[in-house]
Amino acid sequence: MRDTLTSNLNPEQLQAVTLSHESALILAGAGSGKTRVLTSRIVWLLQTAHASSQEILAVTFTNKAAKEMLARLSASVPLHHAMWVGTFHGLCNRFLRLHHTEAKLPANFQILDIGDQLSLIKRLSKTLKINDEKTPPRKIQHYINSRKDSGLRSGAISPSTPDEKILLDCYAAYEIQCIKEGIADFAELLLRTIEVLKSNYGLRTHYQERFRYILVDEFQDTSLLQYEWLKLLSGKTNAIFAVGDDDQSIYGFRGANADNLRLFEKEFKLKHIIRLEQNYRSQGNILDAANGLISYNKNRLGKNLWTQKGAGEPIKLHAAQNDIEEAQHIVNQVRNLKRQGLSFSEMALLYRANAQSRILEHTLFNANVPYRVYGGLRFFERAEIKHALAYLRLSAGIFDDNAVLRVINFPTRGIGAKTIEMLQDAAQIHNYPLMEAIRKNLVAGKAGQALNHFSELIDRLQLKISGLVLSEAIERVIAESSLYSFYENEREGQDQLDNLNELINAASLFQTESDTPTIHSFLAHASLEAGDYQTSSTHSDSVQLMTIHAAKGLEFDTVFVSGLEEGLFPHDHSLHEKTALEEERRLMYVAMTRARQRLYLSYAQNRMLNNQRRYGIRSRFLDEIPEALIQLTSVHQSLQHSGTRIAESAVFPSTNKEWAIGQNVIHPVFGAGEIMNVEGQGETTRVLVGFKNRGAKWLAVAYAKLTRI
DNA sequence: ATTAGTGGTGTTTTT
DNA sequence: CACCACTAAT
């Protein structure tokens with residue numbers, strides 16, 4: 001049994017997996033089998049009886065990683081609920097639900113997501129009469145979150161400027177409101193857990209005695225607070241097995257601190273730092289390119305990946321004239337590869353910012369290529385979903401102000417801004433939650449009647465769903481609240497209807513998978529895993545589109561990275577600070593190391609951004625990749641498969657109406673070629689065509705009989 | 001008092 | 001281009 005577990009590990013991996021009860025740092029490069037080591041370690045601990053399920057705590061950074069770990073574990077060992085596996089936030093949530101009394105939280109406290117948080121802050125800002133020109137709610141939100149992420153309550157801060165005084169006052173009011181409504185934001189989950197552990201000796205000792213083996217994935221992405229949480233749980237004697245890669249630290253903007261790696265080494269007096277440097281993922285060229293790039297970073301622990309694989313294909317670089325051509329070129333390549341027998345799902349289109357997905361989507365759509373976009377608008381953050389969940393909360397007897405305000409006049413029922421304002425004033429005087437103010441008839445006259453209708457609706461809903469299981473309850477709520485019919489009558493409401501149906505699906509899935517399929521835990525689940533459900537464009541084989549941040553931890557045969565321009569990647573906001581620039585470079589490193597076989601890079605000389613055309617120069621990162629590894633996309637390359645290309649052009653009709661760079665053409669005399677440059681307009685358009693066998697020629701489109709293929 | 005329509009404004013990355 | 005705040009129409 002032990003043999004099958006450890007036989008496929010290389011010496012370093014084996015050493016890491018079979019460490020005795022001690023803290024250790026595993027510096028695991030991209031593609032070095034990090035997840036495998038982590039899961040093998042857990043399996044090894046269990047199978048060799050070093051640890052029982054309940055003594056293990058494994059924490060990951062994303063839900064995706066947690067799920068993957070659980071999936072891999074369940075293949076080798078029976079999964080036990082006593083084993084704590086999840087994200088920092090997820091595990092803190094679990095802790096706080098178990099110990100809500102000690103944490104001074106209501107048993108069913110709500111989790112506030114970014115949107116809810118912002119609207120709460122907006123409301124507070126209004127009542128505090130804060131000038132939102134000078135102090136925009138977003139700024140307040142950022143202030144609050146960054147303080148909380150560093151463990152600071154409002155009471156612990158003394159403002160250094162009058163401006164900060166305003167922010168701080170708002171923070172204090174925000175804290176009071178959260179307590180009053182029994183809600184917790186993301187940072188609160190962590191902060192509150194730490195405070196409870198610190199102040200409650202009994203609980204602290206209990207968990208310290210329990211979790212003898214603590215395993216941490218993506219350690220470089222932990223914040224100071226998360227590190228403190230780990231230290232609290234580990235006590236003096238427990239072993240922390242931390243896996244990380246300083247070169248892949250890309251969440252600095254959110255408080256992640258790769259210095260935790262060094263801190264951990266020092267504070268835990270580590271005997272073992274194990275480097276996993278053999279890469280099992282990428283071809284040599286890709287790896288060399290990534291190594292070359294990352295070597296420009298000064299602040300590194302040092303590590304050099306190597307592979308036994310061959311060099312593979314060179315890295316392809318395409319210089320497009322503009323964003324449209326760039327997208328067109330990428331899609332052309334995608335179709336090319338598909339014709340060579342590769343599946344769409346093994347191709348990923350990565351970009352720096354979500355806004356870049358639009359043009360790629362557009363081009364893919366026109367070319368009939370199935371695709372799937374990850375991230376962007378998260379499923380549970382869509383308005384219609386939030387409406388439905390707000391109704392669900394109210395129907396379940398959770399009357400937080402956010403939920404009330406979200407649906408009190410949606411669909412419209414004659415409750416306008418004025419009525420709401422009166423209601424809020426009345427509620428404030430008596431220090432009531434909004435729903436209670438409605439129930440107590442604090443608003444007189446016509447407005448009060450409208451409010452009564454609303455509260456009757458909620459009563460009705462509450463009655464209708466009692467005794468129903470989760471998914472039925474949601475279905476009922478969506479129907480009875482007339483959300484469904486509202487979107488049915490909307491001209492453009494089909495997407496919203498699909499999403500609502502998807503929500504019902506998500507609920508029934510949750511019902512079968514969770515061991516507490518209650519409304520309350522579903523709501524918590526929805527806040528914590530906002531990104532995991534996507535509206536299913538359930539084409540099984542589709543091109544994957546996502547930001548580089550979202551791609552971390554994933555791998556694909558073919559990776560396209562577009563928008564490699566100064567100002568976009570590296571992004572404007574990070575050009576001035578050296579640490580920020582290094583983080584951008586690590587981001588590029590992450591992007592490149594996602595690729596197994598083929599890596600395509602591209603940039604555009606100009607692109608539409610912020611509704612204006614921006615002229616960028618190629619990213620410095622391109623110059624940091626060893627030149628010999630890069631191949632400018634040449635005619636020869638893109639025409640390798642021109643034979644099949646013509647045959648299939650009927651299946652994939654070209655939608656390119658213009659003569660664009662990257663367009664493949666056929667000339668009756670010169671044969672097949674690719675357009676490399678375009679000049680002039682209309683009748684006078686001239687194109688530079690690179691022919692497969694005849695070199696490049698300028699041709700006037702009015703005379704040359706070019707056929708687009 | 002509500003709503004629909006208009007014009008101005010601003011966008012990195014996310015548990 | 002999408003979201004917000006403000007304004008004019010109902």
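Order of the sequence lines sets the chain letters (A, B, ...), proteins ahead of strands, with each chain counted from 1. Predicted model only: the values in this text are computed from it and were never measured.
Using cut-offs of 30° and 60° on the angle between ring planes, the pair A:His387 and A:Phe410 is parallel. The aromatic rings of A:Phe264 and A:Phe219 lie tilted to each other, with the angle between the two planes from 30° to 60°.
Put simply, A:His549 does not rest on the base of B:dT14: the two rings are not both less than 5.5 Å apart at their centres and under 30° in tilt. Centre separation under 5.5 Å together with a plane angle under 30° holds for the ring of A:His571 and the six-membered base ring of B:dT12, marking them as stacked. We find that the ring of A:Phe253 and the base of B:dT13 stack, their centres lying under 5.5 angstrom apart and their planes tilted less than 30°.
The six-membered or imidazole ring of A:His571 lies away from that of A:Phe253, with a centre-to-centre distance of 6.0 Å or more.
In this structure, the OH atom of A:Tyr351 is 10 Å from the P atom of B:dT13, given to the nearest Å. B:dT14 atom P lies 16 Å from atom CD of A:Gln226, rounded to whole Å. Straight-line distance from the CG atom of A:Leu224 to the P atom of B:dT15: 20 Å, rounded to whole Å. With rounding to whole Å, A:Arg586 atom CZ is found 15 Å from B:dT12 atom C1'. The CG-P distance, from A:Leu581 to B:dT13, rounds to 18 Å in whole Å. One atom, CZ of A:Phe380, and another, P of B:dT14, lie 18 Å apart when rounded to the nearest Å. Following rounding to the nearest Å, A:His142 (NE2) and B:dT11 (C1') show an atom-to-atom distance of 15 Å. Across the protein-nucleic acid pair, A:Ile250 atom CD1 and B:dT14 atom P stand 9 Å apart, rounded to whole Å.
Among the protein residues, A:Phe88 comes within range of no part of the nucleic acid, since none of its heavy atoms lies under 4.0 Å from any strand.
In this structure, of B:dT11, B:dT15, B:dT13, it is B:dT15 that holds the atom nearest to the side chain of A:Ile114. Proximity note for A:Asn354 (side chain, C-beta onward) versus B:dT12, B:dT15, B:dT14: the nearest is B:dT14.
For the residue pair A:Arg97 and A:Asn93, a side-chain donor N or O sits within less than 3.5 Å of a side-chain acceptor on the partner. Between the side chains of A:Tyr374 and A:Gln544, a donor-acceptor pair is found at a separation under 3.5 Å. With no hydrogens or angles considered, no side-chain donor-acceptor pair links A:Gln110 and A:Asp400 at under 3.5 Å. Side-chain contact annotation: A:Thr222 with A:Asn260, donor-acceptor N/O pair under 3.5 Å present. When only modelled atom types and interatomic distance are considered, A:Glu228 and A:Gln226 share no side-chain donor-acceptor pair under 3.5 Å.
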Might you list the N or O atoms of the protein lying below 3.5 Å from N or O atoms in nucleotides 2-7 of chain C, with each pair's distance?
{"from": "C:dA2", "atom 1": "OP1", "to": "A:Arg358", "atom 2": "NH2", "distance (Å)": "2.4"}

Below 3.5 Å, can you tabulate the donor-acceptor pairs from side chains in residues 411-423 of chain A to any protein atom, sequence neighbours excluded?
{"from": "A:Arg413", "atom 1": "NH1", "to": "A:Val407", "atom 2": "O", "distance (Å)": "2.7"}
{"from": "A:Arg413", "atom 1": "NH1", "to": "A:Ile408", "atom 2": "O", "distance (Å)": "2.7"}
{"from": "A:Arg413", "atom 1": "NH2", "to": "A:Tyr391", "atom 2": "OH", "distance (Å)": "2.8"}

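Listed pair A:Thr62 / B:dT14 fails the phosphate criterion, with no side-chain N or O lying under 4.0 Å from OP1 or OP2.
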Given protein heavy atoms under 4.0 Å, the one-letter contact record of nucleotides 1-6 of chain B, with B base, S sugar-phosphate only and - none, is simply SSS---

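A salt bridge is defined here as a Lys NZ or Arg NE, NH1 or NH2 lying under 4.0 Å from an Asp or Glu carboxylate O, and A:Glu583 with A:Arg586 meets this definition.
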